Protein chains: 2
Amino acid sequence: MPNNQFKKGELYSFITGKASTAIARRLQKKFNAAGLNITIEQWSVLYHLWKQEGISQQELCNATFRDKPSITRLVDNLERLNLVKRVASENDRRINLIYLTKQAQKLQEETMALADETLNEALITVPSDRIDVCKEVLQVVYDNLK
Amino acid sequence: MPNNQFKKGELYSFITGKASTAIARRLQKKFNAAGLNITIEQWSVLYHLWKQEGISQQELCNATFRDKPSITRLVDNLERLNLVKRVASENDRRINLIYLTKQAQKLQEETMALADETLNEALITVPSDRIDVCKEVLQVVYDNLK
DNA sequence: TTTGGATAGTTGCACAAACAACTATATGCC
DNA sequence: GGCATATAGTTGTTTGTGCAACTATCCAAA
């Protein structure tokens, strides 16, 4: 067993993603405390739309690593919150292009600051070279399994 | 910003736990392919009961990092699958002690082998000293936020 | 031009998570 | 003993996920 470095308790943490769960919960609490009425999952969709809006739901699936029904419902909820709009593509009528509302554009700065803050709290005691190693290992894990 | 090592794309991965999500999905597929009719979340409860059974639901909450309603429903479903039994404590009638059935005891070896296999696939290309750093960083993140 | 396969998106169902509100039991203090 | 408070567990509601089945549209080959 070449790379089986896991004792039992550690195996459990790796599979259940205790660390990322803790980060997401902390960030959600910050959103709530700031009176921002959005979930982490909704934020993760907005996150990609802030980088580029007017992309299709399928592109959001790829970007957020979710399946199509999940994106359908996240976009449903974001639309109900008046944060995004579905616009039918003119070239291909199967496609919905997703655009941000003004209200969503306003959320970017505040939520990104809270996300930065959360990661700083999570990593405050960790030297940056060790953070780099950790990020790279997690990326390889993802690439190995996707 | 002392430890803010995150460019945008990396921030996203860290918060959403892309790597652990990929691991959990791969393991779930292995369970399904093996005809094992349990979810990863149910497995995570059994995991702790295999280490020690006859513990309370509250102790399962602490062990699995879940809240009480989540454990109530996971135990409900495990009980419906005939994998665990609630037994009222004699000392304190508020407490349910959770015991494994014979059927659940049989699952331990096979599911743990599949979990090992999944982590080996995830980490096959990663040197063990880098895995160690990654595990330690994730543990610190958890400790910093819990 | 029609038809068959691929692609984009939606809907139904089962399971799970977070939060609030609730019941039941235990405990400690007067 | 009786009451306030804490603890264990349950239930309701909203949100999200994964899978299968479905509709609509596109495209390419006969």
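Each chain gets a letter, A, B and so on, in the order its sequence line appears, and its residues count up from 1. Because the structure is a prediction, the values reported are computed rather than measured. Computed over heavy atoms, backbone and side chain alike; hydrogens, waters and symmetry mates excluded.
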Inset, instruction - Quickly work out the A/I38 CD1 to D/dG16 P distance and round it to whole Å. - result: 10 Å
Legend entry - DNA chain D: 5'-proximal contact among A/I71 and A/E90 (nearest heavy atom): A/I71
Inset, instruction - Please determine, by modelled atom types, if A/N96 and A/Q57 share a side-chain donor-acceptor pair under 3.5 angstrom. - result: yes
Legend entry - A/P69, nearest nucleotide to its side chain (from D/dT15, D/dC19, C/dG9): D/dC19
Legend entry - Touch class at under 4.0 angstrom, heavy-atom based, for A/T72 against every strand present: base
Inset, instruction - Map A/N96 and B/S70 onto DNA chain C by nearest heavy atom, then report which one ends up closer to the 5' terminus. - result: A/N96
Legend entry - Phosphate OP1/OP2 of C/dC15: any B/Q28 side-chain N/O under 4.0 Å: no
Inset, instruction - Look at the side chain of B/Q58 and decide which nucleotide, out of C/dC19, D/dT17, D/dG9, has an atom nearest to it. - result: D/dG9
Legend entry - Upstream residue (5' side of DNA chain C) when A/R86 and A/K29 are each assigned their closest nucleotide: A/R86
Legend entry - Between P of C/dA14 and CG of B/L81, the distance in whole Å: 14 Å
Inset, instruction - Verify the contact: side-chain N or O of B/R80 to OP1 or OP2 of C/dC15, cut-off strictly under 4.0 Å; return yes or no. - result: yes
Inset, instruction - May I ask you to say what B/D92 touches in the nucleic acid, namely base, sugar-phosphate or nothing, with a heavy-atom cut-off under 4.0 Å? - result: sugar-phosphate
Legend entry - Side chain A/R73 and base C/dG12 donor-acceptor under 3.5 Å: yes
Inset, instruction - Could you check how far CD1 of A/I95 sits from P of D/dC26, rounded to whole Å? - result: 9 Å
Inset, instruction - Determine, for A/Y142 and B/K18, whether the Lys NZ or Arg CZ falls below 6.0 Å from the six-membered ring centre while staying within 45 degrees of the axis. - result: yes
Inset, instruction - Considering just the side-chain nitrogens and oxygens of B/Q57, establish if one lies under 4.0 Å of OP1 or OP2 belonging to D/dT7. - result: no
Legend entry - Listed nucleotide nearest any side-chain atom of A/N77, set D/dT17, D/dA8, D/dT15: D/dT15
Inset, instruction - Using a 4.5 Å cut-off on heavy atoms from C-beta on, say whether the side chain of A/F14 contacts that of B/L138. - result: yes
Inset, instruction - Is it possible for you to check whether A/R86 lies under 6.0 Å from the centre of the six-membered ring of A/Y99, through NZ or CZ, and within 45° of that ring's axis? - result: no
Inset, instruction - Rounded to the nearest angstrom, tell me the gap between atom CG in B/L74 and atom P in C/dA17. - result: 5 Å
Legend entry - Distance in angstrom units between A/I98 CD1 and C/dA8 P, rounded: 13 Å
Legend entry - Nearest-angstrom distance from the residue atom CH2 of B/W43 to C1' of C/dA16: 17 Å
Legend entry - Rounded distance (Å) that lies between atom P of D/dG18 and atom CG of B/L27: 14 Å
Inset, instruction - Calculate the interatomic distance between A/K68 atom NZ and C/dT7 atom C1'; express it in whole Å. - result: 7 Å
Inset, instruction - Could you check which of C/dC15, C/dA26, D/dG9 has an atom nearest any side-chain atom of B/R94? - result: C/dA26
Legend entry - Distance-only side-chain donor-acceptor flag, B/D92 / B/S89, under 3.5 Å: no
Legend entry - Side-chain donor-acceptor contact under 3.5 Å, B/S44 with B/R66: yes
Legend entry - Side-chain-base donor-acceptor pair under 3.5 Å for A/R93 and D/dT25: no
